[in-house]
> 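The structure follows.
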Amino acid sequence: MADYIGLRKLKVDQKAVIRSVRAQGDLGRRIREMGLIPGTEIAVTGRAPLRDPVALRLNGFTLTLRNNEADHISVEVLDND
Amino acid sequence: MTSPVTIALTGNPNSGKTTSFNALTGSRQHVGNYPGVTVDCKEGFFKLAERNIRVVDLPGTYSLTAYTAEEIAARDFLLGQRPDAVVDVLDANTLERSLYLAVQLLEMGAPLVLGLNMMDEVRKKDMQINSALLSELIGCPVIETVARTGEGRDAMVRAALAVADSVDEWKPLRISYSADMDEALLEMEELINNAHFLTDRYPARWLALKYLEGDEQIRVEGRKAGDLSASLEAIAERVENHCRKTLNTDPEAVIADYRYGFIASLMKRGVVRRGTSRTRIEISDKIDRVVTSALFGPALMLLVLYGMFQVTFTVGDIPMGWVESMFGWLSDTAGALLPDGLLKSLIVSGMIDGVGGVLGFVPLIVIMFLMLAFLEDLGYMARMAYMLDRVFKAFGLHGCSVMPFIISGGIPGGCAVPGVMAARTLRSPKERLATILTAPFMVCGAKVPVFILLVAAFFPQSAGNAMFWITLVGWAMALVVAKGLRMTLLKGEPTPFLMELPPYRMPTLRGVLLHTWERAWQYIKKAGTVILAISILFWAAMTFPQLPAETLERFDAQRAAIEAQMEQADELARPALEASLTAVDNNQAEAALQNSVAGRVGMALEKVTSAAGFDWRVNIALIGGIAAKEVIVTTLGTAYSLGDVDPEDAAPLSQRLASDPDFSTATAVSLIIFILLYAPCFVTVVAMAKEASWGWAGFAVVFNTALAFGLATVSYQIVSGLG
């Protein structure tokens, strides 16, 4: 089994695939409706000046979320090609 | 004439839905809301192929769950009104995510047309979308469009008309959600159909699905509708327990996964082929690397805000002068035409001056909103929310609170009325309420002339700096009070900051103008209605009861004496005599004001307000300021027996205050603090009541005034102690 890490630990420009989303309730719903579901490829495109929130790119758009929200998401880092 | 065909427009935020709406309806639309805050549904009418068509622009949503005001509004409209056709405008660049909403619409059974918008961008980056295949797979017409140029507009409407004509009953799409879930759905569907449980409103399968998703709005409605609700909830609970045990998740997540699974299966059939060339989103990412970077980001943000401040006041000053001269002319003309007396006083002082004072700010507001609409359409406002979220979160707010704060006067010159309404973008009721309650602390356009007046009188060397510091104090107080509210009355978890950063797009002139107009119109309406009523009311309070006859006779006698002197006086002595004639008039005005209801209230309050250094004249002005802050300067003018004072050129009043022995630097500081923080103007209170409740609006009046008085008193005591 590959190593999964928390989304918070991803560095800027690193690419990864979402492996699990543990959030429930309102946050879980919101995460899913924005398309953050297992199997989705993401890349960290930047962090706000105070390191939080973080900006991600997925499926052709840019999404922001806070670090503590990213903690609900585990990802598998892809080799940068 | 038959009733028009109703087409509902839905879609994700930033999908070009509103642009499509504007392109369809032209100018024939009712605009009752604000950009980015489309909670009200806009509607417009147009004709195509001899058909009268009504288009309703639903609020932008990512989903049709019932967790935000936008989603509830959209859902209620679709199910309650059953439009003849639903057009889902989606950004073709983000097809997979956009289809999530489309699938939910199909599950509802809506007669759907997909408008694949922004096809020009898709073509440019050699991404290919096989829309014919998509249409075949998903079972509804798919039209390629470019809303900004109008491409595909007619085809979209024709498709919608065809759908409207051919569909006479809503047929929900049935997706499989795993064996367990499907079984429960069938069971519930049968129960619902047999009992005709809410079937006049909702499709049976859709209703069952909502029970499984744990939709609170539907459950509450179901409980009212009958006993069957309990059985449905029991089934939903059984499924939920099963999900937890076997999959360690909730049914809602499973349903969402299967919806995305359905979309993924469409994509696998070859709907989309992606190229490798640079996309707009990549260009946006590159821009963001600089624009939101740790060092340059905040610096640029400050520069933008400072630039807006400068432009608002330097450019805005010119048309502001025109509006003021127009009202001055109106006031003079009415004054010359009407005979002296109460009617003249009512029309000139009560109506023209009152409304003119408010309308005088329209140019400032238009210019500021023009820049805001530009930044918003460009995509920069979302970046500001992104950069500031960390700070705002520390104070119990949300990055999206930036917008309401700035509109309210975070850059001096704003207005709390549209500011309070802009708080609609916030999802959590508590963060929203905290934003609504604190936005009026900002330096709105109406407070500006009062501050300029006081600063010019007491800190003449540092007028610009003082304004800057006042603005900062406004921000600081808003944040601190918000924090206080979030720790006490509005306790609760922060809401997620899951937000799309839309790609940078050059705004269209038409869009920016429309957005600006919508906001400015709100302000103009304020002047035309509420302010007119209130200025008449305050005019009455400041006019009645009138001076007793013997006092009037005394003033008349003084005037007669001066006039008698003037007849004999030579040219050199005349100006002095004329001045003393004016002085008598002004003294009379002051005496009349002191004698009026407002004057009596002002004097009665003096016992309390002297702690903050306010005498009766200031009290009257501040009472007037509850109606509208711009009243403060004019009322002070009358109270200091200066006759009519032009708020924009208050130099005489400024000098008068500076030389008044009762009016010290301490008074000025305390007054500035009080005006910055006390009760919002009446129109803002009404807006707050509409956005929150009358209870919270009342709370704002009492709480803000108490806070303002407390801080004003403390600062007065400290500064006068130092002096």
Side-chain angles (χ1 to χ4, degrees), chain A residues 4 7-8 10-15 17-75 80-81, chain B residues 14 61-63 65 67 91-97 100-101 125 127 213-214 248-250 252-253 256-257 259-261 264 274 279 281-282 284-285 288-289 292-298 301 382-383 385-391 393 399 427-428 493-503:
Chain A
Y4 297 166
L7 175 55
R8 184 201 280 258
L10 273 192
K11 294 182 191 70
V12 171
D13 283 338
Q14 238 177 349
K15 284 186 188 160
V17 176
I18 297 179
R19 287 305 173 198
S20 77
V21 178
R22 285 178 308 279
Q24 288 178 349
D26 200 7
L27 178 62
R29 189 176 307 118
R30 187 103 176 103
I31 285 178
R32 286 191 293 273
E33 72 184 30
M34 298 303 281
L36 288 170
I37 49 160
T40 310
E41 224 180 275
I42 56 166
V44 174
T45 57
R47 285 181 190 277
L50 295 169
R51 317 314 304 152
D52 186 23
V54 55
L56 306 174
R57 185 166 70 241
L58 65 150
N59 292 335
F61 65 99
T62 306
L63 193 67
T64 64
L65 78 168
R66 294 180 183 145
N67 281 331
N68 60 353
E69 291 151 17
D71 285 342
H72 296 275
I73 300 172
S74 299
V75 298
N80 279 340
D81 40 278
Chain B
N14 308 311
T61 62
Y62 291 105
S63 178
T65 50
Y67 291 90
D91 177 353
N93 296 291
T94 62
L95 192 60
E96 286 98 328
R97 191 203 61 206
Y100 190 66
L101 177 66
K125 62 186 183 193
M127 169 180 163
E213 284 180 310
N248 190 27
T249 179
D250 52 13
E252 212 189 340
D257 285 350
R259 276 190 193 130
Y260 274 112
R274 286 186 202 282
T279 62
I281 187 80
E282 279 163 359
S284 282
D285 283 349
D288 274 338
R289 239 152 245 242
T292 65
S293 66
L295 281 177
F296 187 70
M301 187 160 64
R383 268 84 187 172
Y386 166 66
M387 285 190 279
L388 285 171
D389 177 68
R390 190 68 196 84
V391 179
K393 196 181 126 200
R427 291 166 69 94
S428 134
E493 287 297 302
T495 38
F497 191 73
L498 268 162
M499 213 181 68
E500 191 181 345
L501 286 186

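So that the names make sense, note that chain A is the first sequence line, chain B the second, and so on, each numbered from 1. Keep in mind the model is a prediction, meaning the values are calculated, not measured.
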> Run the ring-ring contact (aromatic ring centres under 6.0 Å, His included) test against B:Y62 and tell me which residues pass, sequence neighbours left out.
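ring-ring contact (aromatic ring centres under 6.0 Å, His included) check on B:Y62 returns nothing, list empty.
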> Please report the closest heavy-atom contact between A:P49 and B:T292, naming both atoms and the distance.
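Heavy atoms of A:P49 and B:T292 come nearest at CD-O, 3.6 Å.
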> Could you have a look at A:G35, A:G46, A:A55, A:P53 and say which one has the most heavy-atom pairs with chain B under 4.5 angstrom?
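Among the listed options, the one with the most contacts to chain B is A:P53.
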> Can you tell me if B:Y386 uses its side chain to pair, donor with acceptor, with the backbone of A:A48 under 3.5 Å?
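Side chain of B:Y386 to backbone of A:A48, a donor-acceptor pair under 3.5 Å: yes, one is there.
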> Check whether A:N67 gets within reach of chain B through its side chain, its backbone, both or neither, counting any heavy atom under 4.5 Å.
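Neither part, no heavy atoms under 4.5 Å.
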> Which one wins on heavy-atom pair count under 4.5 Å against chain A: B:A294, B:P298, B:G214?
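It is B:A294.
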> Heavy-atom distances under 4.5 Å only: say whether A:E33 touches chain B with side chain, backbone, both or neither.
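Both backbone and side chain of A:E33 come within 4.5 Å of chain B.
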> Nearest heavy-atom pair of A:E69 and B:L498: which atoms, and what distance?
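Heavy-atom minimum between the residues: OE1-N, 4.1 Å.
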> According to side-chain contact (heavy atoms from CB on, under 4.5 Å), who are the partners of B:A92, at least two apart in sequence or on a separate chain?
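So B:A92 forms a side-chain contact (heavy atoms from CB on, under 4.5 Å) with B:L116, B:M119, B:V122, B:I129.
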> Which pair of non-hydrogen atoms, one from A:R66 and one from B:P494, has the smallest distance, and what is that distance?
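For A:R66 and B:P494, the tightest heavy-atom pair comes out as NH1-CB, 3.7 Å.
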> Is it the backbone or the side chain of A:L56 that comes under 4.5 Å from a heavy atom of chain B, or both, or neither?
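When you check distances to chain B, no heavy atom of A:L56 falls under 4.5 Å.
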> Between A:D52 and chain B, which part of the residue has a heavy atom less than 4.5 Å away: side chain, backbone, both or neither?
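Contact with chain B involves both backbone and side-chain atoms of A:D52.
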> On a heavy-atom basis, which atom in B:D257 and which in A:R32 lie closest, and how many Å separate them?
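B:D257 and A:R32 have their closest heavy atoms at OD1-CD, 4.4 Å.
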> Within the structure provided, determine whether A:T62 and B:E500 are in side-chain contact (heavy-atom separation under 4.5 Å).
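They are not in contact (no side-chain heavy atoms under 4.5 Å apart), so the answer is no.
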> Check for me whether B:R97 meets the cation-pi criterion with A:F61, that is, NZ or CZ under 6.0 Å from the six-membered ring centre and within 45 degrees of the ring axis.
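Judged by the rule, B:R97 and A:F61 form a cation-pi pair.
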> Should B:D288 and A:R57 count as an ion pair when the cut-off is N to O under 4.0 Å?
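Answer for the salt bridge query: no.
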> Could you measure the distance from the CG atom of B:D285 to the OG1 atom of A:T45? Nearest 0.5 Å is fine.
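If I round to the nearest 0.5 Å, the distance is 4.5 Å.
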> Looking at A:Q24, A:R51, A:R29, which one has more heavy-atom pairs under 4.5 Å with chain B than the rest?
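Result: the option with the highest number of such pairs is A:R29.
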> What's the shortest heavy-atom distance between A:G60 and B:T94, and which atoms?
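Closest approach of A:G60 to B:T94, heavy atoms only: O-CG2, 3.5 Å.
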> Of the listed residues (B:V391, B:D389, B:T495), which shares the most heavy-atom pairs with chain A below a 4.5 Å separation?
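Most heavy-atom pairs within the cutoff with chain A belong to B:D389.
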> Could you look at A:I37 and say if it's the side chain, the backbone, both or neither that has a heavy atom under 4.5 Å from chain B?
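Only the side chain of A:I37 comes within 4.5 Å of chain B.
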> How far apart are the closest heavy atoms of B:K393 and A:N68, and which atoms are they?
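Closest heavy-atom pair between B:K393 and A:N68: NZ-ND2, 3.8 Å.
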> Give the member of B:E252, B:E96, B:M387 that has the highest number of heavy-atom pairs under 4.5 Å with chain A.
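Option with the top pair count is B:E252.
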> Heavy-atom distance under 4.5 Å between the side chains of B:R289 and A:D13, does that happen here?
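Side chain of B:R289 against side chain of A:D13, heavy atoms only: contact under 4.5 Å found.
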